[in-house]
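What follows is one structure encoded as structure tokens, with my remarks underneath.
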Amino acid sequence: METVIVKVGDAQVQVERGTTLGAIFASLGIEGAIGAKTGSELLDLHTPVKENMQVVPLFREDPESLELMRHTLSHVLAQALKEIYGYERVRLGTGPTTEEGFYYDVEVEGHTLSSEDLLLVEEKMREIVQRDFPIFRKELERQEAVELFSKMGEKYKVEIINRIEEGETISVYGQDGFVDLCRGPHVPSTGMVGEFKLTHVAGAYWMGDSSRPMLQRIYGIAFWDKKELEDRLRFYEEAKKRDHRRLGKELELFLIDEEVGPGLVIWLPKGAILRKTLEDYWKEKHIKRGYQLVYTPHVGNANLWRISGHLDYYRPNMFSPMELEQEEYFLKPMNCPFHVAIYKSKVRSYRELPIKLAELGTVYRYEMSGVLHGLMRVRGFTQDDAHIICTPEQVEQVIEETLLFAVEVLKDLGFEDFKVFISTKPADAIGSPEQWELAERALKRAVEHSGLDYQLDEGGGAFYGPKIDVKIRDAIGRLWQCSTIQFDFNLPERFDMQYVGPDNRRHRPYMVHRAIFGSIERFVGVLLEHYAGLLPLWLSPVQVKILAVSPDKHGQYARQVEAQLRDRGIRVELDLREDRLSARIRDAELQKVPYVVVVGDRELQTGSLSVRGKKEGNLGSMSLQDFTRLLLEKIDKKE
RNA sequence: GCCGGCGUAGCUCAGGGGCAGAGCGAGGCACUCGUAAUGCCUAGGCCGUGGGUUCAAAUCCCACCGCCGGCUCCA
């Protein structure tokens with residue numbers, strides 16, 4: 001008899017090879033375990049022990065246990081579907097866990113699942129959970145597995161089996177009359193799962209390949225505690241409330257009009273002033289940082305895009321060409337070639353490098369109709385673009401400075417939490433190994449100096465250079481991709497960019513492409529969701545709303561206050577409607593105006609104002625001077 | 001682009017083969033009011049667009065457009 005040694009915490013047992021972890025835990029008197037792990041690998045209690053190993057039992061309290069439970073729920077979902085629609089009519093794709101639950105991709109012959117169906121399915125799932133079927137695990141030879149799933153008509157499973165590499169264990173899991181190809185791990189029985197809810201159903205390509213059939217993906221969320229589940233549902237509600245598309249409409253910021261065209265943003269007056277404020281801030285910052293602002297056309301000759309390589313690599317994302325005097329022109333999908341043209345407009349000396357050209361450049365890209373989304377994904381948007389052209393010696397300094405600049409700007413806008421990703425050389429890269437090495441080193445050093453945590457995405461860079469991406473975390477924890485700092489070894493070659501070095505010879509400069517907001521449209525979307533529409537004072541389209549208790553009696557005083565505040569550069573609106581004061585206050589609140597000024601008899605007599613802050617509540621009375629000072633101070637501090 | 005759902009008043013939505021509806025908003029009138037909704041009246045519609053079925057279509061069918069949720073895409 002072959003034996004193996006299994007260490008469980010401090011305990012150690014010698015058991016027959018093939019004994020399951022469940023049996024071992026039982027023999028040690030460990031109760032309530034729902035799985036195990038060895039190193040970072042998760043195991044279930046059905047796992048037969050094949051070699052000496054050290055394991056840790058997993059209990060509900062362990063975060064990894066969620067993974068097992070959710071995985072089991074995806075099987076319970078699959079079983080429920082089979083029970084309802086028939087074992088032979090339901091074919092299973094894959095059913096993995098997600099960050100908050102699970103999904104299963106399925107095909108139900110002759111039926112498309114609706115959200116009403118989900119209620120039924122969920123009910124059946126609860127029944128399966130209720131009945132607490134023990135879950136079994138079985139290892140099969142490849143041939144056996146193929147036969148089993150072929151017999152069941154599970155063509156997708158057969159495809160997966162054929163993809164499994166030689167030598168890997170093929171296992172099936174099941175409960176009751178249900179069996180599924182699965183690597184596991186799973187909890188011991190269908191009753192040992194947490195609270196769950198099916199959320200929605202959507203299409204998903206088999207294997208994520210648009211040329212393959214589309215399956216129906218059923219999403220569910222699952223947590224151990226009901227409270228956590230409810231928190232998650234509340235999070236969805238919160239996200240819905242913060243949806244920038246809804247806020248954009250309510251606050252009259254922007255418009256996307258079918259008649260104008262999908263994915264094309266129209267900025268309404270209030271959105272426009274917000275955008276102007278952001279852009280003015282951006283320009284001022286860039287000038288202080290030594291950037292030179294430029295403007296470039298919205299279209300460019302096809303030849304430009306041919307040289308840049310866009311026509312070879314980016315054409316599917318570009319708007320169709322237009323013809324003028326036998327020449328083709330394209331709407332620009334990027335600003336880079338124009339900035340290169342500026343660089344090349346004269347001979348450059350190493351003495352003038354780094355050259356930093358910045359532009360709020362509006363670009364147009366063809367995005368597939370199904371992916372458009374409010375301000376976040378559009379067909380015309382404004383990049384807060386810049387190109388930095390420098391010598392190899394300057395690269396490191398340039399990157400560090402750029403990253404710090406980006407972080408400084410994002411902090412000014414109220415973001416504190418960042419996640420940085422460095423993407424390195426992919427397989428099909430151009431450029432010399434030395435170039436890549438220098439660039440990647442610069443990126444890493446810069447991030448390390450900044451003190452920000454980063455993740456490496458090995459091989460995740462573009463073919464033309466490595467990059468840093470900065471994602472910002474919003475008020476409810478979501479990450480948004482904004483800043484990017486990206487090397488480009490391609491364009492300097494293609495456009496034959498040069499500078500004259502101290503040796504009086506021509507050299508090829510490094511070029512770095514970077515954006516801080518990414519796109520103004522998208523960034524405004526992120527800002528709105530982050531602040532739930534209650535923008536900081538300095539960005540608010542209307543900073544102060546003035547209400548006269550009686551428009552007749554106090555209207556004139558209100559107008560004087562308005563004129564004086566406006567004179568100090570404060571964005572102010574007057575509401576002289578004949579309505580209840582409280583109704584007008586409510587209106588201002590709903591419009592998320594940071595400060596409401598009320599003037600009535602009392603204020604008229606004393607020459608003061610009654611101030612109400614959206615955040616602070618009623619602030620009582622103060623003089624116009626004090627109020628103005630308060631506002632200007634807050635605006636200056638970007639509060 | 002693909003799968004599914006949805007397009008009705010400015011907004012949010014009800015109606016679902018037989019007279020086009022509500023609330024909010026807008027306009028008017030009255031109330032003269034002090035920190036989140038005063039009351040009454042009025043106007044407002046190619047029921048997304050085009051075709052079909054039917055005595056009759058907002059309603060049923062088809063196509064297209066757009067939006068929403070995903071997938072795919074995001075050199």
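Keep in mind that this is a model prediction, so the values were computed, not measured. The figures here come from the full heavy-atom set of this structure, side chains too, leaving out hydrogens, waters and symmetry mates. Chain A is the first sequence line, chain B the second, and so forth, proteins listed ahead of strands; every chain is numbered from 1.
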For [X] and [N], give me the distance from atom [atom1] to atom [atom2], rounded to whole Å.
| X | N | atom1 | atom2 | value |
| --- | --- | --- | --- | --- |
| A/E107 | B/rG4 | CD | P | 13 Å |
| A/R584 | B/rU32 | CZ | C1' | 11 Å |
| A/K249 | B/rC67 | NZ | C1' | 9 Å |
| A/D552 | B/rA30 | CG | C1' | 14 Å |
| A/E116 | B/rC6 | CD | P | 9 Å |
| A/R315 | B/rC73 | CZ | P | 22 Å |
| A/L590 | B/rU12 | CG | C1' | 14 Å |
| A/D209 | B/rC73 | CG | C1' | 12 Å |

Taking any heavy-atom pair under 4.0 Å as a contact, classify [X]: base, sugar-phosphate, or nothing.
| X | value |
| --- | --- |
| A/M334 | base |
| A/H373 | sugar-phosphate |
| A/A202 | base |
| A/A462 | nothing |
| A/G208 | sugar-phosphate |
| A/K614 | base |
| A/Y464 | base |

Tell which nucleotide pairs with [N], taking only Watson-Crick or G-U wobble pairs whose two distances are both under 3.5 angstrom.
| N | value |
| --- | --- |
| B/rA26 | B/rU42 |
| B/rG4 | B/rC68 |
| B/rG34 | none |
| B/rA63 | B/rU49 |
| B/rG17 | none |

No-H, no-angle donor-acceptor pair, [X] side chain to [N] base, under 3.5 Å:
| X | N | result |
| --- | --- | --- |
| A/Y205 | B/rG1 | yes |
| A/E578 | B/rG28 | no |
| A/R365 | B/rA75 | no |
| A/R245 | B/rC68 | no |
| A/R580 | B/rC31 | yes |

So which of A/R245, A/K240, A/R246 actually passes side-chain hydrogen bond (donor to acceptor under 3.5 Å, both in side chains) with A/D243?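 When side-chain hydrogen bond (donor to acceptor under 3.5 Å, both in side chains) is applied between A/D243 and each of A/R245, A/K240, A/R246, only A/R245 qualifies.
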
Cation-pi check, [X] to [Y]: give yes when NZ or CZ is under 6.0 Å from the six-membered ring centre and within 45° of the ring axis, no otherwise.
| X | Y | result |
| --- | --- | --- |
| A/K471 | A/F418 | no |
| A/R217 | A/Y103 | yes |
| A/R70 | A/F223 | yes |

Under 3.5 Å, is there a donor-acceptor pair linking the side chains of A/H513 and A/Q486? no

Enter the distance from A/L528:CG to A/L251:CG here, rounded to the nearest 0.5 Å.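 Going from the CG atom of A/L528 to the CG atom of A/L251 covers 7.0 Å.
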
Pairwise [atom1] distance, [M] and [N] [rounded to whole Å]:
| N | M | atom1 | value |
| --- | --- | --- | --- |
| B/rU54 | B/rC11 | P | 36 Å |
| B/rG48 | B/rC65 | C1' | 7 Å |
| B/rA58 | B/rC19 | C1' | 14 Å |
| B/rA57 | B/rG15 | C1' | 14 Å |
| B/rC24 | B/rU42 | P | 15 Å |
| B/rA14 | B/rC6 | P | 11 Å |
| B/rG34 | B/rG27 | P | 23 Å |
| B/rU38 | B/rG23 | P | 16 Å |

For the rings on A/Y85 and A/H111, is their centre-to-centre separation under 6.0 Å?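 Ring centroids of A/Y85 and A/H111 are less than 6.0 Å from each other.
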
Considering only [options], which nucleotide approaches the side chain of [X] most closely?
| X | options | value |
| --- | --- | --- |
| A/E258 | B/rG66, B/rG34, B/rG1 | B/rG66 |
| A/N618 | B/rA26, B/rC67, B/rU35 | B/rU35 |
| A/H200 | B/rU35, B/rG70, B/rC71 | B/rG70 |
| A/S610 | B/rU35, B/rA36, B/rC2 | B/rU35 |
| A/V598 | B/rG34, B/rU72, B/rA37 | B/rG34 |

Hey, which sits more toward the 5' end of RNA chain B by its nearest nucleotide, A/S369 or A/D579?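 Looking at RNA chain B, the more 5' nearest nucleotide goes with A/S369.
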
Pick the closest RNA chain B nucleotide for A/V201 and for A/D488 by heavy atoms, then say which residue is nearer the 5' end. A/V201

Please tell me if [X] has a side-chain N or O lying less than 4.0 Å from either OP1 or OP2 of [N].
| X | N | value |
| --- | --- | --- |
| A/R612 | B/rA36 | yes |
| A/R246 | B/rC67 | no |
| A/Y595 | B/rU35 | no |

Measure up the A/H75 and A/Y104 rings against each other and bin them: parallel (under 30°), tilted (30 to 60°), perpendicular (over 60°). tilted

Please verify the inter-ring angle class for A/Y364 with A/H298; under 30° counts as parallel, over 60° as perpendicular, anything in between as tilted.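 Tilted, since the angle between the ring planes falls between 30° and 60°.
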
